[in-house]
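Notes for the one structure printed next.
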Amino acid sequence: MTRNAEVAQILQEIGLLLEIEGKDKFKPLAYYRGVRSITSLGEDVESIAKRNGLTDIPGIGKSLAEVIKSYLETGRVEILEGLRTRVPVKVLELDSIPGVGPKTIKLVYEKLGVTDLDSLEKAANEGKLSGLPGLGDKTQSQIIEGIQIVRAGHERTLLADALSTAERIENELRKLKIVKQLTIAGSTRRRRETIGDLDFLVIATEPEIVMNAFVKTKGVSAIIAHGPTKSSVRLESGLQVDLRVLPNDSFGAGLQYFTGSVDHNVKLRSIAQKMGLRLNEYGLFRGEKKVSGEDEEGIYKSLGLQWIPPELREDTGEIEAAQKGKLPNLITMKDIRGDLHSHTDQSDGKNTIEEMLNAAQALGYEYYCVSDHTQSLTIAHGMDEGRLLERIKEIDELNSSGRWKMKILKGAEVDILADGALDIEDDVLSQLDVVTVSVHSRWKDKKEVMTKRVCHALENRYVHILGHPTGRLIGKRYQLEIDLEQVFETAKKHNVMMELNAHPERLDLNAGNLRAATKVGLKIAINTDAHRTSELDNMQFGIFQARRGWLTSDDVINTYPLKKLMKHIKK
Ligand code: DGT
Ligand code: CA
Ligand code: CA
Ligand code: ZN
């Protein structure tokens with residue numbers, strides 16, 4: 001978790017506990033407002049605190065600033081500790097359940113004595129919730145489903161959060177001069193969507209010093225093991241971190257072994273066996289003689305394989321491809337020339353169009369598409385035809401102003417209505433450069449209904465991209481029920497591309513579905529769907545996922561130069 005996320009969590013917990021205690025109606029609101037402003041900060045809250053600038057943040061008054069300062073400096077907050085004793089409820093745990101908010105928590109605590117996920121689940125399963133004022137059978141079953149979603153996603157951490165924690169720990173350990181090599185391995189190196197624990201590997205002249213520093217790293221809440229070659233800690237966020245010391249001459253073998261996946265390793269070992277070799281975390285051996293181990297390339301080469309990028313190491317065909325020298329030439333960040341899905345404060349984005357354009361230009365993009373929500377998404381203040389026409393005029397003017405070197409593309413993220421119709425008239429759609437269509441309502445449609453609905457939308461001749469095709473939010477919301485095979489077929493027929501939404505919680509399509517899509521010849525658009533300038537950086541997570549889906553730059557439309565892109569999306 002980033003420091004900003006930690007601070008937001010502390011404020012949220014205080015707000016919730018205050019609300020449940022019920023002494024002051026307005027104080028909790030101030031804390032929730034604080035949460036919103038901390039989570040939308042584009043800067044590290046710790047550096048703001050260091051220059052005494054906390055109270056300059058909108059929504060952060062003197063008392064919240066004190067709380068934040070105390071947490072950052074000591075890891076403790078006095079009022080929170082008092083609240084936790086008076087109100088012994090695991091509010092954050094309960095609040096994380098979809099469909100459960102402060103009102104429900106207060107109600108089930110007061111009426112049923114519910115204090116955590118387990119006791120809520122028990123009460124729900126016994127049917128006790130549906131008798132409470134304002135809660136019916138429907139809410140009760142929603143809560144049961146919500147608990148299942150939380151349980152399924154709870155033990156794993158989003159890649160984006162794991163990577164930022166890993167970077168912090170890495171920076172701290174690198175300050176020790178004796179560290180010669182330090183690498184993250186495991187699922188983090190493979191860039192899985194979610195991470196069970198972090199696995200660091202280190203070579204150092206005096207490993208004990210590294211171990212001692214490691215178990216004292218900032219944010220450690222418990223030391224699980226503290227040995228000469230392996231230590232493990234648990235962080236306040238709940239994430240476990242392992243650190244292993246490797247001998248100099250087997251770093252490659254250790255890196256290979258601890259990168260995994262287990263399935264990939266098992267197959268490699270059996271290949272080694274068939275060649276009369278033995279592979280383990282110390283090296284590749286023939287009898288007692290070490291054939292290789294210093295670097296990974298050597299190990300793969302000795303086994304008759306191309307070096308396999310970590311993102312592919314899941315035993316889904318990569319070893320066979322490497323044997324034939326046929327690994328894909330995977331896309332990299334450098335290949336990306338633009339972003340085709342982004343929002344501004346005209347709908348639910350946080351920044352103005354000019355702020356977004358400046359940030360996109362700073363990334364060196366050749367083109368950038370502004371695609372706000374449309375009218376049926378009222379909570380996002382979606383645009384109707386009139387506002388879209390104004391937006392089109394505005395972008396024409398921005399393009400001819402010459403203020404941006406990149407081409408600004410006119411777009412929209414158009415809502416797919418219940419029957420598959422779009423909520424914007426064709427004669428306006430026809431004036432846009434890039435039309436993305438998305439499902440934002442009626443998640444619970446039956447599979448046949450949803451498939452038909454989406455396919456119908458893709459048949460519209462002005463549609464270019466299907467946005468976040470499965471609608472999942474990792475650890476929060478299951479994907480829609482939809483027959484992707486049929487969707488892909490329809491998309492192919494009508495020259496529609498699939499989005500790979502790069503938001504760390506979406507990463508939608510997933511790796512397997514990306515492979516299936518490109519297999520039938522579909523092109524992919526890797527889009528950030530940025531709702532604020534800082535989210536433009538999420539492109540990297542899209543690239544990680546794209547690589548896990550075996551994508552080359554040719555598969556991805558926003559690697560094309562503008563001319564080729566426009567030619568390709570022309571229908
Ligand atoms: P995670 O932490 O659940 O996201 O997934 P990983 O892949 O990071 O798994 P982890 O942390 O349990 O182990 C790190 C790597 O160590 C794993 O990817 C492969 C290697 N490894 C662990 N246990 C075994 C094993 O029993 N056999 C083999 N061949 N490799 C193993
Ligand atoms: Ca791991
Ligand atoms: Ca591990
Ligand atoms: Zn969007």
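All ligand and atom numbering here is 1-based and tracks the order in the structure.
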His264 heavy atom under 4.0 Å from ligand 1: no
Nearest N/O/S atom of [X] with respect to the Zn ion (ligand 4), by atom name, please.
{"X": "Glu413", "result": "OE1"}
{"X": "His341", "result": "NE2"}
{"X": "Asp529", "result": "OD1"}

I'd like to check whether [X] has a polar contact with ligand 1, where a contact means an N/O of the residue lying under 3.5 Å from an N/O of the ligand.
{"X": "Ile195", "result": "no"}
{"X": "Ser261", "result": "no"}
{"X": "Asp199", "result": "yes"}

Shortest heavy-atom approach to atom 10 (P) of ligand 1 - which of Val266, Asp197, Leu198: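 Result: the heavy atom closest to atom 10 (P) of ligand 1 is in Asp197.
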Heavy-atom nearest neighbour of atom 1 (P) of ligand 1 within options Gly254, Ser187, Pro310: Ser187
Ring pair (Phe, Tyr, Trp, His ring centres under 6.0 Å), paired with His373, selected from His343, His341, His381: His343
Sub-6.0 Å ring centroid separation between His503 and His468: no
Metal check, the Zn ion (ligand 4) vs His373 N/O/S, cut-off below 2.8 Å: no
The Zn ion (ligand 4) to nearest N/O/S of His531 below 2.8 Å: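 No N, O or S atom of His531 is closer than 2.8 Å to the Zn ion (ligand 4), so no.
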For ligand 1, the portion of Thr188 having any non-hydrogen atom under 4.0 Å away: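 It is neither; nothing of Thr188 touches ligand 1.
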Asp199 N/O/S atom closer than 3.0 Å to the Ca ion (ligand 2):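 Yes, Asp199 qualifies, because one of its backbone or side-chain N, O or S atoms lies under 3.0 Å.
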Whether Tyr300 and His264 hold their rings parallel, tilted or perpendicular, with breakpoints at 30° and 60°: tilted
Exceeds 12 heavy-atom contacts within 6.0 angstrom, atom NZ of Lys301: no
